[in-house]
Every structure is written in structure tokens, then in C-alpha cells.
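This report refers to the structure that appears directly beneath it.
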Amino acid sequence: MTLNLVNVGESVRVVSIAPSQAGFRRKLLSLGMTPGAQIKVKRLAPLGDPMEIEVRGFNLSLRKAEAETILVEKC
């Protein structure tokens with residue numbers, strides 16, 4: 001499943017990040033979103049985009065289109 005399909009309050013683990021987005025992938029990896037990292041979806045904006053997630057102790061906002069490139073599994 002991809003990160004954009006995860007509901008608020010759920011925790012998931014990163015499986016992989018799509019290699020087609022090389023620059024964006026590098027940025028996420030430098031922020032600590034590596035395979036195996038645990039992510040919790042904190043909240044969604046009123047219209048559903050962007051979403052706020054917690055990864056390795058800090059909060060990060062991602063657009064739904066960006067979240068589609070991150071493959072995750074439920075913990």
C-alpha cells in the first residue's frame with residue numbers, strides 16, 4: 001500500500017520509495033525516511049491535502065502526490 005492511503009492515527013513502516021523520483025527520494029532519505037522507519041499519520045488538512053506525518057520524532061508535511069511514491073506496510 002502507499003502512504004497516501006493510510007488513515008489518521010495509524011502507524012506504518014516504510015518498505016521503499018519509488019526510484020523514479022530520484023531528487024525527492026534523496027531528500028526523504030536525508031530526512032530519515034529510510035526503509036524500516038516507522039511513520040504515524042498525525043492529521044490531514046481540511047481538504048485532505050497535505051498530510052502531516054511523524055517520522056523519527058519530527059513532524060513532516062507531504063502532499064498526497066508525494067505520499068503516493070512511498071510504499072508502506074502496517075505495523
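Throughout, residue positions are numbered sequentially from 1 according to the sequence presented.
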Criterion side-chain contact (heavy atoms from CB on, under 4.5 Å) against V12, the qualifying member of L5, L71, V6: V6
Check P19 against R25 and note the closest heavy-atom contact, atom names and distance. CA-CD, 4.1 Å
Tell me, yes or no, whether the heavy-atom count around K64 atom NZ, taken from other residues, nucleotides or ligands under 6.0 Å, exceeds 12. yes
Spatial distance of atom NZ (K74) from atom CZ (R13) [nearest 0.5 Å]: 13.5 Å
Output the distance between atom CD (E66) and atom OG1 (T2), rounded to the nearest 0.5 Å. 13.0 Å
Could you see if M1 belongs to whatever hydrophobic cluster contains V8? Use Ile, Leu, Val, Met, Phe, Trp, Tyr and a side-chain cutoff under 4.5 Å. yes
Rounded to the nearest 0.5 Å, how far apart are CG of N4 and CE of M51? 7.0 Å
Rounded at 0.5 Å granularity, tell me how far NZ in K42 sits from OG in S61. 12.0 Å
I need the E10 CD to I53 CD1 distance, nearest 0.5 Å. 14.0 Å
Under 3.5 Å donor-acceptor, R56 side chain and G32 backbone: yes
Taking side chain as C-beta onward, heavy atoms only, is L31 less than 4.5 Å from L60? yes
Working to the nearest 0.5 angstrom, can you tell me the gap between I70 CD1 and L62 CG? 5.5 Å
L29 vs R26 side-chain heavy atoms within contact, under 4.5 Å: no
Is any side-chain heavy atom of I39 closer than 4.5 Å to a side-chain heavy atom of M33? yes
